[in-house]
Visitor: 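Take a look at the following structure, please.
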Protein chains: 2
Amino acid sequence: MSQIYLDRLARVRAAMTQQGVDTLLLSVGHDLPYLTGYLAMPLERLTMLVVPRDGDATLVIPRLEAPRVVEQPGVFQLLPWNETDDPTRLVSELASGSTAVAVGDQMWARFLVELLPQLPGASYQRAVDVVGPLRMVKDAAEIDALTAAAAAVDRIAAELQSGRIPLVGRTEAEVSADLSARIIAEGHQKVNFAIVAAGENAASPHHHAGQRIINDDEIVLCDFGGTMDGYCSDITRCVYTGDIASDVAEAYEVLLEAQQASVGSATAGTSCEDVDSAARDIIAAAGFGDYFVHRTGHGIGLEEHEDPYIVQGNRRALEPGHAFSIEPGIYVPGKWGMRLEDIVVSTATGPLALNSADHRLANVG
Amino acid sequence: MSQIYLDRLARVRAAMTQQGVDTLLLSVGHDLPYLTGYLAMPLERLTMLVVPRDGDATLVIPRLEAPRVVEQPGVFQLLPWNETDDPTRLVSELASGSTAVAVGDQMWARFLVELLPQLPGASYQRAVDVVGPLRMVKDAAEIDALTAAAAAVDRIAAELQSGRIPLVGRTEAEVSADLSARIIAEGHQKVNFAIVAAGENAASPHHHAGQRIINDDEIVLCDFGGTMDGYCSDITRCVYTGDIASDVAEAYEVLLEAQQASVGSATAGTSCEDVDSAARDIIAAAGFGDYFVHRTGHGIGLEEHEDPYIVQGNRRALEPGHAFSIEPGIYVPGKWGMRLEDIVVSTATGPLALNSADHRLANVG
């Protein structure tokens, strides 16, 4: 196992050299487990991996977390700190003399605030520019893990579409809890989200499942996912509790066409913003452009949302191994909303959709 | 409801004036809901409340989260940003000219990294110095909420101590899942943690419940809590699956005495480090000093861990309304560990322990 981390660390150091970064600082977030296998708990007690461009990496860690970490020779050594120590002082000593420091996106700002006066003359950049390009390109084992997670939520989606998950008469929150239990039962260790939005609530893309009771003859948007063996699933399917209203059916045809076009466009070499446009242009041409209020997708891997983002302005070209969601939506305030989402991997031979649950809007009434 | 937030904001502005802070920036974390009622999801899309010392506060928020927020006249106005906007630019424009900026502890460092070059000449400090002293002093409604949450986990502890939660033959992970389900069933909306550590695993204070099967004749440490109506519970009780071994029984007597002494010492006016010493001195005098490897406690409220910390070096004097854990422990590597934890509020008339579950080590064999 250590060999994976040694390889990744070597590639990170090469990127640091290329970008002139002296020190990389990683705390909570997923760059740390990508390089060490250890995911730090988000705590007020500092955990930080200090990676100098040359020389050994050190994991500064609270002494009471240290028993959960296995030191990896050649990858990193442990520097446990005691409750009355000043851990940012330990970090600044390890990073002493650095002028270009890259910090992990999700590090708590309090630690950076404490480091600023301790590293005079340093400038800061996002570690995502160093680690992100590596993390974006999934290897075969990572794609296998994403595939397994996608298959698990596909099975839940199939239950939903077949009507075997009761909807009418239950609250959104009850259905959300049901989906969450199924996410675990299907092999995930963690539920990341289980959005259930009925009728007009579906017009809020990030609606929190609440006490609203699901009725006959309305759309129910379900967007759910978890983490399985370190890698994330994320799927959205909508169902309809009765005969589908004609305006919804017409819009859904547009959404389906847009989503499939965007998936089909996601070949290696295509820019992220062109994959976004492939969906957006179709939705706009049908007159729903103002109702598609978010980007088309986000990268996925160790995190639910990571690079590459499928959004206007992102000119990054897809590479083989990039994994991301394609999830256009149409949201008509006060009436209804709809979204259709698959996880897709760009490969040398074209886009590979990891989700295969039925893409049609099922009548489960 | 708005009146609460107006009052809190007025007190925050007074603290900003006193400390010479020009702008307060709050993102993910609990200072934001303390001042607005809105808890931002930890996302790569920026949500940030910009509070100038004078003038209106503005909540910069992704457009697709905006439907979940109700603007509160006099408290804050909304500034939704679109997927292709640069949200840190919006923040830096609102904070333009600031030389002293206070940032929330849990803000993602990426946003501070992006702001640094956009606010030349600014210096940074932790917002906890501005908001923390206010958040620390709980009002009557907050103490009621903490009391209700404590009573809920007390009921679970009583089930555990009576032997009605099966232990022997189950894995730690199974018992952890059982505790988690009970935390929700008892009225919490969210499980924050459910540590279950058997025998030698209990010597790792933050052990992750795993596949180890619980046996007869060993200690089982259970540390669990959740969030109920915004406020947190946190309790630790140990039980023993059989006749208690004499070395464990002797150590537990020391632990119980230390914990009760520390609770009793937590009167308003006493320093946090003296409350720590009240437990630590007793444990050290019994020869277990090297086995008590963490601070005695942490503040609790909207967050599981917040100020005030009950730790050596913290000379802050307790005030009426401060709420915190008292949780000394003794951890003998390779053998066993134990911890005993209550939530306590310091009041004008003395310490008020919110947990009343039996403090003795129960034989549940």
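Just so it is clear: chains get the letters A, B, ... in the order the sequence lines come, proteins before strands, and each one is counted from 1.
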Visitor: Using a strict 4.0 Å threshold on nitrogen-to-oxygen distance, state whether R126(A) and D105(A) make a salt bridge.
Guide: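 So R126(A) pairs with D105(A) through a salt bridge.
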Visitor: Give a yes or no on whether a salt bridge exists between D31(B) and R135(B), defined as a side-chain N under 4.0 angstrom from a carboxylate O.
Guide: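 Answer for the salt bridge query: yes.
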Visitor: Looking only at heavy atoms and a cut-off of under 4.5 Å, which of E114(A), E65(A), H206(A) has the most pairs with chain B?
Guide: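 That would be H206(A).
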Visitor: Sort out for me which of L112(B), V103(B), N82(B), L43(B) touches chain A most, counting heavy-atom pairs under 4.5 Å.
Guide: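 Sorted descending by pairs with chain A, the first entry is L112(B).
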Visitor: Measure distances from L116(A) to the heavy atoms of chain B and classify the residue's part below 4.5 Å as side chain, backbone, both or neither.
Guide: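 Just its side chain gets close to chain B.
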Visitor: Are E200(A) and K335(A) ion-paired here, with the side-chain N under 4.0 Å from a carboxylate O?
Guide: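 No, this pair does not count.
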Visitor: Quick one: do R316(A) and E273(A) make a salt bridge, cutoff under 4.0 Å?
Guide: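 Here R316(A) does not pair with E273(A) in a salt bridge, since their nearest N and O are not under 4.0 Å apart.
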Visitor: With chain A, which of R295(B), E306(B), M107(B) has the greatest number of heavy-atom pairs at distances under 4.5 Å?
Guide: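 Looking at each option in turn, the highest pair count goes to R295(B).
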Visitor: Which of the residues H207(B), R68(B), E304(B) is involved in the greatest number of heavy-atom pairs with chain A at under 4.5 angstrom?
Guide: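 Max contact count across the listed options: R68(B).
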Visitor: Using non-hydrogen atoms and a 4.5 Å limit, figure out which bit of F111(A) sits close to chain B: side chain, backbone, both or neither.
Guide: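 Neither part; nothing is under 4.5 Å.
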Visitor: Which answer fits I184(A), side chain, backbone, both or neither, if we ask what part of it has an atom under 4.5 Å from a heavy atom of chain B?
Guide: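 Neither part.
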Visitor: Is there a donor-acceptor contact under 3.5 Å linking the side chains of N192(A) and T227(A)?
Guide: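 Per modelled atom types, N192(A) and T227(A) side chains form a pair under 3.5 Å.
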Visitor: Please classify the contact of Q312(A) with chain B as side chain, backbone, both or neither, using a heavy-atom distance under 4.5 Å.
Guide: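 When you check distances to chain B, atoms from both the backbone and side chain of Q312(A) fall under 4.5 Å.
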Visitor: Taking E341(A) as the fixed residue, which of T296(A), D223(A), I326(A) is the one that meets the side chain to side chain contact (heavy atoms under 4.5 Å, CB included) rule?
Guide: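 That would be D223(A); it is the only one of T296(A), D223(A), I326(A) passing the side chain to side chain contact (heavy atoms under 4.5 Å, CB included) with E341(A).
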Visitor: Under 4.5 Å from any heavy atom of chain A, what part of R63(B) do you find: side chain, backbone, both or neither?
Guide: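 Interface part for R63(B): neither.
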Visitor: Go through the side-chain N and O atoms of E303(B) and Q106(B) and say whether any donor and acceptor fall under 3.5 Å apart.
Guide: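 Result is yes, a qualifying pair exists.
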Visitor: With only heavy atoms counted, which part of H208(B) is less than 4.5 Å from chain A, the side chain, the backbone, both or neither?
Guide: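 Both backbone and side chain.
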Visitor: In terms of heavy-atom pairs under 4.5 Å, which option from M41(A), Q125(A), H298(A), E44(A) contacts chain B the most?
Guide: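 Of the options given, most contacts go to E44(A).
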Visitor: T88(B) and D86(B): side-chain donor and acceptor closer than 3.5 Å?
Guide: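 There is such a pair between these side chains.
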Visitor: With respect to chain A, which residue among S27(B), G313(B), P42(B), A109(B) yields the maximal number of heavy-atom pairs within a distance under 4.5 Å?
Guide: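 Result: the option with the highest number of such pairs is A109(B).
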